[in-house]
Asks: 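Could you have a look at this structure, given as structure tokens, before my questions?
Below, chains carry the letters A, B, ... as their sequence lines are ordered, and counting in each starts from 1.
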Amino acid sequence: MRSPLWLAGASVVVANAVALYHGARNQWGPPEAEVEMTEREVRLNYSGEDNSGISLWINWAVYGSGMDWLDPARTAAIGFPGGARDWESANRIPLRAGYVALEYDGASWSAWKPNPASAATSSRLVPVDADADPARLRLRHPDRGRVIILHASFRVYLDARNNTLRAGIARLLPASVSVSPGFRGALTAPLPAGYPRFAVRLAVGRDYEPYVTGVRKLPAAPAAR
Amino acid sequence: MDDAASRQEAQRRTDRIRAFRAELEQLQRESALELSPEQRDRLDAHLDATLRGLAARFDVDTSEREKQMSWGMRIASTLGALALGAAAVLFFYQFWGLIPIPAQLLVVTAAPLAGMAGARFASRHETTPYFTSLISLVAFAAFVLDLSVLGSIFNLVPTPHALLAWAVFAFALAWRFGLRLVMAAGLVCGMGWVAALLMSFTGAWWAEFGARPETVLAAGLLVLAAPCRRDFASTHRLTGWLAVFLAALFLSFSGDSFLPLEKKTAEKLYQVAGMAGTAAAIWAGIRRQWKETVNLTATFFVIFLFVRLVDWWWDWMPKYLFFFLAGLIAIGLLLAFRGLRGKLKEARP
């Protein structure tokens, strides 16, 4: 029996249509959240000479008391089972997918008292909450100009202080954001001296997937922004 | 019967004719069979006409030298496909940042479709599958690139369903043109998709299926149980057993099982299951004359056995004694296989 060749063609057409629809739906209408960040929070990925595409790595950071807010209750809300009572069994629990709220230049950043050098260069994008349901996260963090919600994978570990399971962020999904060719010029032309050198408007669509809506060069200045 | 299956049958018949002629020569030299010159001429004319017909229609190998050349062409076709696939991917990445997104989308979507059309053209204009195989593999690589690029452009969260799309594409090409390597690529993607789905059913992130090798083991068993066309049966068995025993091997080290067992207990379970499973697969392979199954599972049996021996004895035993015992075990296996071979001979009518 011969398989019809159109099945191969159909798999290409259907897969492309689904991906295009998903991408278009995410960016359709006003963004779910939009924040302008600088190079401190979105860094250029080194792509080498063999790749002309440009992507930005979302550089989030944890300060002070770390992610103590990701307590056993929130860990359970992400969906992790609560049974593990030793390091080995906790370590064997596979990663889970969920959502993380990242606050830009907010209270979590301000509460940390960095030394002047760190204050001028460190990322101000700080994870402040996590959940399996992005709508619940948005209810808790309604400021769409400061808090973005993204997909993330979470790992779990045993907190030796009180023998409880606690989640931690394994990585953002996706961890990098592609820059469309329309914004390429601002990032490939000679950038000013100092740091940070550019600012990026990062939007998050209705499916909580990020995209770049603007790039601008910052005037050369060594001071922190 | 389709072209690929017919070609394999034609090659088998050609091989039988060659073996028949060699044996006929031997029998005549030993005076065990004597044909009159007329009979011999008639037989030779018939066999020559049959070989010419098979060679003209299916381009079969009619001599040992041609067979060796065909192997060379098969290897060259595979290496060529890998090189051209890599070239296409690298060429695209070299320039994609410089072209607008609609053009990027057009290029990556058209590439696998063009490859598909190219494979169809090649299959119509050649009797051997080498160019068709090469172009099909490049088309498969182009489709992998296509969905990866779409994911990058739109910053999509990775999905396991891309594996399903790649599997369907590879299956359709493989079935249409009778290409085993493309079928193997499709089976690997299909197993990845099944394992990822099983993992996501547990609530975990789908890409974590490697952390629970039982998902891969289940996907491998599914491939072994799935019905398939006769000329793809060995490809199914190879990829299925490979997945099953690789998963069992990892489980015998890591103990990362879904079963409600202690890690050490799970490791021991899969150590025993791995040995017993490979031994059973060797037995089944010999009984059913599945050459590729016997070779693959015998390799895994030896790996399972020696990993265990190292684990049990390496640390506390003098090295010379370890290797001496390993040698004795190898001799024991040799005797066991000889006994098995003898029994098979007795059982043969």
Asks: Would you say B:Leu105 and A:Asn16 make side-chain contact, with heavy atoms under 4.5 Å?
Replies: no

Asks: Is there a side-chain contact between B:Phe169 and A:Val12 (heavy atoms, below 4.5 Å)?
Replies: yes

Asks: Using non-hydrogen atoms and a 4.5 Å limit, figure out which bit of B:Gln94 sits close to chain A: side chain, backbone, both or neither.
Replies: both

Asks: Does the side chain of A:Leu7 reach to within under 4.5 Å of the side chain of B:Phe171, using non-hydrogen atoms?
Replies: no

Asks: Work out which heavy atom in A:Ala19 is nearest to a heavy atom in B:Phe154; give both atom names and the distance.
Replies: O-CD1, 4.4 Å

Asks: How about NZ on B:Lys263, more than 12 heavy atoms from neighbouring residues, nucleotides or ligands closer than 6.0 Å, or not?
Replies: yes

Asks: Where does B:Leu98 contact chain A at under 4.5 Å (heavy atoms): side chain, backbone, both or neither?
Replies: both

Asks: Checking B:Thr159 against chain A: side chain, backbone, both or neither under 4.5 Å from a heavy atom?
Replies: neither

Asks: Chain A: which of B:Gly203, B:Ala211, B:Ala207, B:Ala139 shares the most heavy-atom pairs with it under 4.5 Å?
Replies: B:Gly203

Asks: So, do B:Ile101 and A:Ser180 sit near enough that their side-chain heavy atoms are less than 4.5 Å apart?
Replies: yes

Asks: Are A:Ser11 and B:Phe143 packed together at the side-chain level, in the sense that at least one heavy-atom pair is separated by less than 4.5 angstrom?
Replies: yes

Asks: Should we count CZ of B:Phe258 as having more than 12 external heavy atoms under 6.0 Å?
Replies: yes

Asks: Please name the pair of heavy atoms, one in A:Pro181 and one in B:Ile99, separated by the smallest distance, quoted to 0.1 Å.
Replies: CG-O, 3.1 Å

Asks: Does any heavy atom of chain A fall under 4.5 Å from the side chain of B:Asp146, the backbone, both, or neither of them?
Replies: side chain

Asks: Over all heavy atoms of both residues, which pair between A:Ala8 and B:Met116 is shortest? Give the atoms and the distance, please.
Replies: CB-SD, 3.5 Å

Asks: Does the pair A:Asn51 and B:Trp96 meet the rule for a side-chain contact (heavy atoms from CB on, under 4.5 Å), with working shown?
Replies: CA-CA 8 Å; A:Asn51 188 350; B:Trp96 77 309; 2.7 Å; yes

Asks: If you count heavy atoms of other groups shown closer than 6.0 angstrom to CZ of B:Phe250, is the number above 12?
Replies: no

Asks: What part of B:Leu147 gets closer than 4.5 Å to chain A, counting heavy atoms only: side chain, backbone, both or neither?
Replies: side chain

Asks: Can you tell me which portion of B:Leu164 sits under 4.5 Å from chain A's heavy atoms? Options are side chain, backbone, both or neither.
Replies: neither

Asks: Between A:Val13, A:Leu150, A:Leu20, who has the most heavy-atom pairs with chain B when the cutoff is under 4.5 Å?
Replies: A:Leu20

Asks: Would you compute the distance between atom CH2 of B:Trp205 and atom CZ of A:Arg155 and round it to the nearest 0.5 angstrom?
Replies: 14.0 Å

Asks: Could you tell me which portion of A:Leu95 (side chain, backbone, both or neither) has an atom closer than 4.5 angstrom to a non-hydrogen atom of chain B?
Replies: both

Asks: Specify the closest pair of heavy atoms between B:Phe95 and A:Ser52, including all atoms of both residues, with the distance to one decimal.
Replies: C-OG, 3.2 Å

Asks: Between CG of A:Asn26 and CG of B:Leu156, what distance do you get to the nearest 0.5 Å?
Replies: 7.5 Å

Asks: Check each atom of B:Pro112 against the heavy atoms of chain A and say whether the ones under 4.5 Å are side chain, backbone, both or neither.
Replies: side chain

Asks: Are any side-chain N or O atoms of B:Glu208 and backbone N or O atoms of A:Arg96, one a donor and one an acceptor, separated by less than 3.5 Å?
Replies: no

Asks: If you look at every heavy atom in B:Asn155 and A:Ser176, which pair is closest and at what distance?
Replies: OD1-O, 3.9 Å

Asks: So which atom in B:Arg212 and which in A:Arg92 form the shortest heavy-atom distance, rounded to 0.1 Å?
Replies: NH2-O, 2.6 Å

Asks: State whether the number of non-hydrogen atoms from other residues, nucleotides or ligands found under 6.0 Å of B:Tyr93 atom OH is greater than 12.
Replies: yes

Asks: Is atom CZ of A:Arg201 surrounded by more than 12 heavy atoms (other residues, nucleotides or ligands) closer than 6.0 Å?
Replies: yes

